[in-house]
Amino acid sequence: MYGVFYEEYGTPDVLKFGELPEPKIGPDSVLVKLKAAAVNPVDWKIMAGYLDSLFYSYFPIIPGWDLAGIVETVGPAVTDFRPGDKVFGYARLDFLKTGTFAEKISVPSRILSQMPSGISFDQAASVPLAGLTAYQALVHSINVQKNETVFIGGGAGGVGSFAIQIARALGANVIASASKRNHTFIEKMGATPVRYGPELKNDLEALGSLNVDAFFDVYGGEDYLAGLSLLHDFSRVASIAELKAKEVGGNYVFVHPSSQDLDALATLITSGELTPIIAETFSLRDVSKAFELSKTRHAQGKIVIHID
């Protein structure tokens, strides 16, 4: 099979496209013919070596944790999937070696879910990491409820765009920070936009008396501090960017694979309450360009790698 890989840490110029060994299929594994994958900031951060102290790395490494595709073969212990099933999943293992920027991948069946009907493989691939991150933060960590007000620090990117829609589906009112050029995008998803950075405080004050019940922080920094200042109960903060959230009694969120949570996201997609938003699509040979776009943090929605 063919795929993208790197043999040393570095910038996007270390990426190579070439032939790779066929995946092995374990007793509880599923071999998926990949149709699409997606780019997340963690992909290029791993490639740069930033997470070397957290994961065992075995070169060459195939990047990518999001997948959508068709089941080709199942291991002898697998009973919940069969060849021909359309699936999507979050393929993070406990080490860095196998990824989704390739023609095929073998993964444990427990990380997969049946793909929701009515969407493309590209759309399905955009969901797992970002959608699970938002869902697990809002539902499991800060337990967002109907009629509450949630502040999302960083609403225009992949995670933020899912978070706004999920919070709205839960019946919450949403305020989300973004650059001024993304405010219309934020409004279309049903949230009240405010600027991030130095202008954030002024925009929040302009909204008048705020009673923010919960806060989901995507980017950290000034948005994180501003969000904390709005909360009365610090246990209702969840951050994917600030470890300090735990120090104040809040939640640091590191997304984990969950077929049950993927099923919940699929239900929201099928009902029309959640729509995967694709910023741009690239081919496998253009993964380096996709990484460069991801590093700008200016994409509206998810960056997708179309494989077939």
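As a basis for the values below, the full set of heavy atoms in this structure was taken, side chains included, without hydrogen atoms, waters or symmetry mates.
Closest heavy-atom contact between Ser106 and Lys24: OG-O, 2.7 Å. The shortest non-hydrogen separation linking Ser141 to Val253 is OG-CG2, 3.6 Å. Looking at every heavy atom in both residues, Pro108 comes nearest to Leu93 through CD-CD2, 3.9 Å. Of all heavy-atom pairs spanning Ala226 and Leu200, the tightest one is CB-CD2, 3.3 Å. The two residues Val218 and Ile240 have their closest heavy-atom pair at O-CG1, 3.5 Å. When all heavy atoms are compared, the tightest approach of Pro23 to Met1 is CD-SD, 4.0 Å.
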Check: residues 71-89 side-chain donor-acceptor pairs under 3.5 Å, at least two apart:
{"unit_1": "Glu72", "atom_1": "OE2", "unit_2": "Lys104", "atom_2": "NZ", "d": "3.2"}
{"unit_1": "Asp85", "atom_1": "OD2", "unit_2": "Arg82", "atom_2": "N", "d": "3.0"}
{"unit_1": "Asp85", "atom_1": "OD2", "unit_2": "Gln114", "atom_2": "NE2", "d": "3.2"}

Solution key, residues 51-59 side-chain donor-acceptor pairs under 3.5 Å, sequence neighbours excluded:
{"unit_1": "Asp52", "atom_1": "OD1", "unit_2": "Tyr9", "atom_2": "OH", "d": "2.7"}
{"unit_1": "Ser57", "atom_1": "OG", "unit_2": "Tyr9", "atom_2": "OH", "d": "2.7"}

Please tabulate, for the side chains in residues 126-137, all donor-acceptor contacts under 3.5 angstrom to protein atoms that are two or more places apart in sequence or on a different chain.
{"unit_1": "Ser126", "atom_1": "OG", "unit_2": "Gln123", "atom_2": "O", "d": "2.6"}
{"unit_1": "Thr133", "atom_1": "OG1", "unit_2": "Leu129", "atom_2": "O", "d": "2.6"}
{"unit_1": "Gln136", "atom_1": "OE1", "unit_2": "His256", "atom_2": "N", "d": "3.2"}
{"unit_1": "Gln136", "atom_1": "OE1", "unit_2": "His256", "atom_2": "ND1", "d": "3.3"}
{"unit_1": "Gln136", "atom_1": "NE2", "unit_2": "His256", "atom_2": "O", "d": "2.9"}
{"unit_1": "Gln136", "atom_1": "NE2", "unit_2": "Asp261", "atom_2": "OD2", "d": "3.2"}

Can I get a per-line list of side-chain donor-acceptor pairs under 3.5 Å for residues 184-195, giving both atom names and the distance, sequence neighbours left out?
{"unit_1": "Arg195", "atom_1": "NE", "unit_2": "Asp203", "atom_2": "OD1", "d": "3.3"}
{"unit_1": "Arg195", "atom_1": "NE", "unit_2": "Asp203", "atom_2": "OD2", "d": "2.9"}
{"unit_1": "Arg195", "atom_1": "NH2", "unit_2": "Asp203", "atom_2": "OD1", "d": "2.8"}

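Annotation: Lys97, atom NZ; neighbour count of heavy atoms from other residues, nucleotides and ligands within 6.0 Å is above 12.
Here the side chains of Phe234 and Leu228 are in contact, with some heavy-atom distance below 4.5 Å. When side chains are defined from C-beta on, Leu207 counts as touching Ile175, because their heavy atoms get closer than 4.5 Å. Side-chain contact between Ile152 and Val150: present, with at least one pair of heavy atoms (C-beta onward) separated by less than 4.5 Å. Inter-residue side-chain proximity for Ile62 and Leu20 is flagged as met; some heavy-atom pair is nearer than 4.5 Å. Counting heavy atoms from C-beta on, the side chains of Val32 and Thr100 never come closer than 4.5 Å. Ile269 has its side chain within reach of Pro276: a pair of non-hydrogen atoms, C-beta onward, lies under 4.5 Å apart. Side-chain contact between Val39 and Phe282 is absent, with no heavy-atom pair separated by less than 4.5 Å. In this structure the side chain of Glu242 never reaches within 4.5 angstrom of the side chain of Tyr252, judged on heavy atoms.
Going from atom CG of Leu67 over to atom CZ of Phe121 covers 11.0 Å, rounded to the nearest 0.5 Å. Considering OG of Ser113 and CG of Leu262, their distance stands at 5.5 Å, rounded to 0.5 Å. Residue Phe17 holds its CZ atom at 4.0 Å from CZ of Arg285, rounded to the nearest 0.5 Å. Separating the CD atom in Glu103 from the OH atom in Tyr2 is a distance of 8.0 Å, to the nearest 0.5 Å. Taken to the nearest 0.5 Å, the CZ atom of Phe215 stands 5.5 Å off from the CZ atom of Phe151. Going from atom CD1 of Ile105 over to atom CD1 of Ile307 covers 9.0 Å, rounded to the nearest 0.5 Å.
In summary, the side chains of Asp13 and Thr11 do present a donor paired with an acceptor at a separation below 3.5 Å, with no hydrogens or angles considered. A donor-acceptor contact closer than 3.5 angstrom is absent between the side chains of Asp28 and Ser109. A side-chain donor from one of Asp217 and Ser239 sits under 3.5 Å from a side-chain acceptor of the other.
Leu230 and Phe216 are assigned to two separate hydrophobic clusters, defined by single-linkage of ILVMFWY side chains at heavy-atom distances under 4.5 Å. Linking Ile, Leu, Val, Met, Phe, Trp and Tyr residues whenever their side-chain heavy atoms come within less than 4.5 Å leaves Leu31 and Leu112 in two separate clusters. Following chains of ILVMFWY side-chain contacts shorter than 4.5 Å, one cannot reach Ile111 starting from Phe95, and the two form parts of different hydrophobic clusters. Under the 4.5 Å side-chain heavy-atom criterion for grouping Ile, Leu, Val, Met, Phe, Trp and Tyr, Tyr219 is connected to Val42 within one hydrophobic cluster. Hydrophobic clustering, with ILVMFWY side chains joined whenever heavy atoms are under 4.5 angstrom apart, groups Val139 together with Phe162.
In this structure Ser283 satisfies the side-chain hydrogen bond (donor to acceptor under 3.5 Å, both in side chains) test together with Asp286, sequence neighbours excluded. Every residue two or more places apart in sequence or in another chain that forms a side chain to side chain contact (heavy atoms under 4.5 Å, CB included) with Ser179 is listed here: Arg181, Asn182, Tyr196. Qualifying side-chain hydrogen bond (donor to acceptor under 3.5 Å, both in side chains) partners for Glu273, counting only residues two or more places apart in sequence or in other chains: Ser271. Partners of Ser288 under the side chain to side chain contact (heavy atoms under 4.5 Å, CB included) rule, at least two apart in sequence or in another chain, are Pro12, Leu15.
Checking side-chain atoms of Asp233 against main-chain N and O of Ser235 turns up a donor-acceptor pair under 3.5 Å.
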Q. So Ile305 and Leu284, side-chain contact (heavy atoms from CB on, under 4.5 Å) or not? Walk me through it.
A. CA-CA 6 Å; Ile305 305 300; Leu284 266 181; 3.9 Å; yes

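Applying the side-chain hydrogen bond (donor to acceptor under 3.5 Å, both in side chains) definition to pairs two or more places apart or across chains, those involving residues 221-232 are Ser177-Asp223. Sequence neighbours left out, the pairs with a member in residues 33-44 that pass side-chain hydrogen bond (donor to acceptor under 3.5 Å, both in side chains) are Lys35-Asp308, Asn40-Asp66, Asn40-Lys302, Trp44-Ser294. Pairs passing the side-chain hydrogen bond (donor to acceptor under 3.5 Å, both in side chains) check and including a residue from residues 147-176, sequence neighbours excluded, read Glu148-Arg236. Annotation: salt bridge (Lys or Arg N to Asp or Glu O under 4.0 Å) contacts involving residues 243-252, sequence neighbours excluded, are absent.
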